[in-house]
There are 2 protein chains.
Amino acid sequence: MATGRTHRPATRSRGIPEATVARLPLYLRALTALSERSVPTVSSEELATAAGVNSAKLRKDFSYLGSYGTRGVGYDVEYLVYQISRELGLTQDWPVVIVGIGNLGAALANYGGFASRGFRVAALIDADPAMAGKPVAGLPVRHTDELESIITDNGVSIGVIATPAGAAQQVCDRLVAAGVTSILNFAPTVLSVPEGVDVRKVDLSIELQILAFHEQRKAGEESGQTATTPAQPRTGAPARTAAAAVGRKGPEGDVPAVMPA
Amino acid sequence: MATGRTHRPATRSRGIPEATVARLPLYLRALTALSERSVPTVSSEELATAAGVNSAKLRKDFSYLGSYGTRGVGYDVEYLVYQISRELGLTQDWPVVIVGIGNLGAALANYGGFASRGFRVAALIDADPAMAGKPVAGLPVRHTDELESIITDNGVSIGVIATPAGAAQQVCDRLVAAGVTSILNFAPTVLSVPEGVDVRKVDLSIELQILAFHEQRKAGEESGQTATTPAQPRTGAPARTAAAAVGRKGPEGDVPAVMPA
DNA sequence: TTCTGTGAATCTCTTCACAGCA
DNA sequence: TGCTGTGAAGAGATTCACAGAA
């Protein structure tokens, strides 16, 4: 999910698979809930259910961290919370800046899960001078002019981009130039960053489109149609240009009626 | 990324890999941008760069859809926009409800990419009676009591959950009972749903934690430390319970100083 | 006996490298 | 000649199934 070439380009250092890393937060959340209920130990089966994965996967994941369980018993909840937190780097404090305080940026700033678990909102930054000084989630919004000094002064290495798509790359460049090496991008754009900078993106419309794909297939199967052919395309198919008009095949059930040959 | 057992459990129907489906929206976005600039054709190399992937992957992805390119030339932009839209089911209209109109729900409602590209916000729903009737993004907020009738009357099959974690499962159950079969979950909870319902989740704090993991590793490598051992754990490690206190190994560089043996 | 930890098998995804069409 | 489409190889992730510790 990290953008393109950026992703762990050099040494794989300690061999903990990316897919496992992506699940550790899930386990951590489930464990934290257990911890709050003062549950002392948990089996791989129980924890897996709580985290929404299967137990073999969970055990395999944990095996990359070390042997933290007890055969015949399970895992010590508190101990595992600590180990995973440490592995994820949450035993230290990560100052974060959010750039772009529109609807989304404000929502992020107010998001509770932010403050807890090792992350601290160091500053909210927006390009609109009218926003400057206005308090959002208890913090005064700072103007973009201050971006570099905020990053430097607070030792920020993680930035969240919640600006419109058009501004994202420029903001990204400034963040990176100022020393940020991890970026969480909510803007619907592909960011290009130098080697060594991690980008993860969260994109509402992509998620919806993936759901639509599966939804469409369900509908197709229900009515006995070929899954790839929608019931009634609303838009007309554009004619192919002359250069590309011949010899198309497609995987069989391919818009036979609508498309020109 | 769909939650657990739910994910495409039955027939794989037309064999288009999940990883490919997840990238189609990316290609579509890049193609739409080219289309707006009236670019007629594009090579796999150019398009791949614009979408942030490599060209071999892109060509392989497209090969699952059919042979839509022209050797020696590239892909016809308009034509490919149509084919991908169709494949994703975006040539039809998907009514969507958003449940939970807090900061995040409002941000989602105002998000432009929603309205375009086949999705239409059919209703905004919130449990707070004080919200009812208040216009958000041009739509009056409806009360949760109306949830079932809204779903049924509008033929909604996709629901977005932006409620607090505590309410999410309950809202999910009601959505599913009313006929929703695809859910986009922004609440930090694992949702359990019956077979045949797709769930995708978007989780800010998980993304941040993954970034923190990589960030920590970078810092560790820089200073020549073992990557898995953080500089200075801020929290004390909890002692293991007696039952689990012996024989731990861990993958070598394992908190030797801080942890009790 | 119970439940973890893990090799081995399997499945999926990515990348390579080149045949073949325009 | 240039670029797509795709088998084949390679890498990674998941699942199986069971040895072995408590």
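Sequence lines set the chain letters: A, B, ... in the order given, protein chains first and strands last, and positions in each chain run from 1. Values below: every heavy atom of this structure, side chains too, minus hydrogens, waters and symmetry copies.
The distance from atom CZ of Phe62(B) to atom C1' of dT6(D) is 15 Å, rounded to the nearest whole Å. Nucleotide dT4(C) holds its P atom 14 Å from the CG atom of Asp61(A), rounded to whole Å. Remark: C1' of dT12(C) and CZ of Arg23(B) are 11 Å apart, rounded to the nearest angstrom. Between Ile16(A) atom CD1 and dG5(C) atom P the separation is 14 Å, expressed in whole Å. When the C1' atom of dT4(C) is taken as reference, atom NZ of Lys60(A) falls 12 Å away, rounded to whole Å. Atom CG in Leu58(B) sits about 16 Å away from atom C1' in dC16(C), given to the nearest Å. When the C1' atom of dT4(D) is taken as reference, atom CG of Leu80(B) falls 12 Å away, rounded to whole Å. To the nearest angstrom, C1' of dC3(C) lies 14 Å from CG of Leu47(A).
Not a single donor-acceptor pair under 3.5 Å links the side chain of Thr70(B) to the backbone N or O of Val73(B). Of the possible polar contacts, none joining the Ser67(A) side chain to the Ser63(A) backbone as a donor-acceptor pair under 3.5 Å is found.
The side chain of Lys57(B) places an N or O atom within less than 4.0 Å of a non-bridging phosphate oxygen (OP1 or OP2) of dT15(C). Under 4.0 angstrom from either OP1 or OP2 of dT14(C) there lies no side-chain N or O belonging to Asn54(B). Side-chain nitrogen and oxygen atoms of Arg59(A) include none within less than 4.0 Å of the OP1 or OP2 phosphate oxygen of dA17(D). Taking side-chain N and O atoms only, Thr70(B) has no distance below 4.0 Å to OP1 or OP2 of dT4(D).
The residue from Tyr75(B), Phe62(B), Tyr79(B) that alone fulfils the ring-ring contact (aromatic ring centres under 6.0 Å, His included) condition with Tyr68(B) is Tyr79(B).
Taking each heavy atom of Pro25(B) and Leu88(B) in turn, the nearest pair found is N-CD1, 4.0 Å. Looking at every heavy atom in both residues, Val53(B) comes nearest to Leu58(B) through CG2-CB, 4.3 Å.
Between Ala19(A) and Ser63(B), the one whose closest nucleotide on DNA chain D sits nearer the 5' end is Ser63(B). In terms of position along DNA chain D, the nucleotide closest to Thr20(A) lies nearer the 5' end than the nucleotide closest to the other residue of the pair Gly72(A) and Thr20(A).
Not a single donor-acceptor pair, N or O on each side, falls under 3.5 Å between the base of dG2(D) and the side chain of Arg71(B).
At a threshold of 4.0 angstrom between heavy atoms, the contacts of Tyr75(A) are confined to the sugar-phosphate backbone, with no base atom among them.
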